[in-house]
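Data first, discussion second: the structure below is written as structure tokens.
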Amino acid sequence: MRTLFDIEPLLPALTAGHLILTPNRRLAAKLLSAFAAHQTQQGVNAWPTPRVLPLEGWIQQLWQNHQDNNPAQPFSLLLDKRQELQLWEQVILDDQESSPLLRPGGAAAQAQSAYNTLSLWLQSCDSATYQEHQCQPDNLARWSAAFEQRCSEQGWIILTQVIEQLIAALTHQASKHEPYVHLVEFQELPPLYKQLIETLTDKTITPARNCRNQRSGVVT
């Protein structure tokens, strides 16, 4: 049975145990399924599990290992997206300057997205680029400050903060380096992700985009 994912270009990396990163869990599962189908067609009955991970799953794994290897450091709980959104909503509900007509749920989702986008592109509410395009009152800047304060007080952390801490902690740890990292089907990688990957690898490889997916109109 032919799969929608052309596994051939990645076979050397898969069999060599190289780290392969995908934009999401669905594509990682598709790639693993295609590799399993290939192995079965070749008459192989058992094989080591390839190192295929969604990018955020890999970062979470790095963070967990970092905390396990540094027990003396204060523990920080990584919030998932749902918990993070709930905290944004609570911040907005508690904000005395927010408009009574504001819908907290929708505002929280927008604030979460904007804050994370700024962080991934190495910006913040204090950066000149952000300030040039803002009008007063600046709700996002006020909410962001309250959000960061609550995270600090409670020992909570979000993914973009995890990436920043990992870059600082692992920059000079050669033992943590990956010889190769393969980036599969990424449309565009924000600078913060690029910094982390460049910190932890000697060579990044981006295979050509999957031709079979493009012909079939499958979006990954």
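The structure displayed is predicted, hence computed values, not measured ones.
- L53 approaches A28 most closely through the heavy-atom pair C-CB, 4.4 Å.
- By the salt bridge (Lys or Arg N to Asp or Glu O under 4.0 Å) test, D95 is found to be paired with R142, residues two or more places apart in sequence or in another chain being considered.
- Counting all heavy atoms, side chain and backbone alike, I92 lies closest to A107 at CD1-C, 3.6 Å.
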task = Show your working on side-chain contact (heavy atoms from CB on, under 4.5 Å) between F186 and T206 and close with a plain yes or no.
result = CA-CA 9 Å; F186 283 89; T206 305; over 6 Å; no
For residues 73-80, which side-chain donor-acceptor pairs fall under 3.5 Å, sequence neighbours excluded?
from, atom 1, to, atom 2, distance (Å)
D80, OD1, R82, N, 3.1
D80, OD1, Q83, N, 2.7

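- Partners of Y180 under the ring-ring contact (aromatic ring centres under 6.0 Å, His included) rule, at least two apart in sequence or in another chain, are H18.
- A side-chain donor-acceptor contact under 3.5 Å links T40 to the backbone of A36.
- Residues P54 and L27 fail the side-chain proximity criterion, which asks for heavy atoms closer than 4.5 Å.
- Listed by first then second residue, pairs satisfying side-chain hydrogen bond (donor to acceptor under 3.5 Å, both in side chains) with a partner in residues 151-168 read Q149-E153, not counting sequence neighbours.
- Summarising the geometry of W121 relative to P191, their closest heavy-atom pair is CE3-CD, 3.1 Å, with the distance given to 0.1 Å.
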request  = Show the numbers, then the answer: is there a salt bridge (Lys or Arg N to Asp or Glu O under 4.0 Å) between E178 and R51?
outcome  = CA-CA 12 Å; E178 296 280 348; R51 299 180 64 210; 2.7 Å; yes
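- At a threshold of 4.5 Å between non-hydrogen side-chain atoms, the residues L10 and P207 count as touching.
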key: Pair E84-N116, side-chain hydrogen bond (donor to acceptor under 3.5 Å, both in side chains): steps then yes or no   = CA-CA 11 Å; E84 186 182 329; N116 287 332; 2.9 Å; yes
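- Of the inter-residue distances, the one linking W143 atom CH2 with L140 atom CG reads 7.5 Å to the nearest 0.5 angstrom.
- Contacts of W88 classified as ring-ring contact (aromatic ring centres under 6.0 Å, His included), with partners at least two apart in sequence or in another chain: Y115, F147.
- Salt bridge status for K203 with E198: absent, with no side-chain N to carboxylate O gap under 4.0 Å.
- With hydrophobic clusters built from ILVMFWY side chains whose heavy atoms lie under 4.5 angstrom apart, L93 does not share a cluster with V91.
- S127 places a side-chain N or O within 3.5 Å of a backbone atom of S124 that can act as its donor or acceptor partner.
- Judged by distance alone, the side chain of Q123 and the main-chain N or O of T129 form no donor-acceptor pair under 3.5 Å.
- Note that CD1 of I59 and CD of Q64 are 14.5 Å apart. Values are rounded to the nearest 0.5 Å.
- Inter-residue side-chain proximity for I157 and W63 is flagged as met; some heavy-atom pair is nearer than 4.5 Å.
- The shortest side-chain heavy-atom distance between T22 and E185 does not fall under the 4.5 Å cut-off.
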message = Assess the residue pair Q90 and D94 against the criterion (side-chain hydrogen bond (donor to acceptor under 3.5 Å, both in side chains)); give the C-alpha distance rounded to whole Å, side-chain angles, the decisive distance to 0.1 Å, and a yes or no.
response = CA-CA 6 Å; Q90 190 59 55; D94 293 343; 3.0 Å; yes
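- To the nearest 0.5 Å, atoms OG (S33) and NZ (K30) are separated by 10.0 Å.
- Not a single donor-acceptor pair under 3.5 Å links the side chain of S113 to the backbone N or O of A109.
- Two residues are said to be in side-chain contact when any heavy atoms from C-beta on lie closer than 4.5 Å; L11 and F35 meet this criterion.
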task = Please step through side-chain contact (heavy atoms from CB on, under 4.5 Å) for the pair R150 and L87, ending with a clear verdict.
result = CA-CA 9 Å; R150 294 199 187 189; L87 180 56; 4.0 Å; yes
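- Checking L189, L122, L120 one by one against K194, the side chain to side chain contact (heavy atoms under 4.5 Å, CB included) holds for a single residue, L189.
- With contacts defined as side-chain heavy-atom distances shorter than 4.5 Å, the pair L166/T199 does not qualify.
- If you chain together hydrophobic residues whose side chains sit under 4.5 Å apart, I205 and Y193 never meet in one group.
- To the nearest 0.5 Å, atoms CG (L200) and NE2 (H177) are separated by 6.0 Å.
- Separating the CG atom in L21 from the CD atom in E56 is a distance of 11.5 Å, to the nearest 0.5 Å.
- Listed by chain and residue number, nothing satisfies the ring-ring contact (aromatic ring centres under 6.0 Å, His included) test with W58 (two or more places apart in sequence, or in another chain).
- Of all non-hydrogen atoms in P9 and D6, the two that sit nearest each other are CD-O, 3.5 Å.
- L183 contributes atom CG, which lies 8.0 Å from atom CG of L55 (distance to the nearest 0.5 angstrom).
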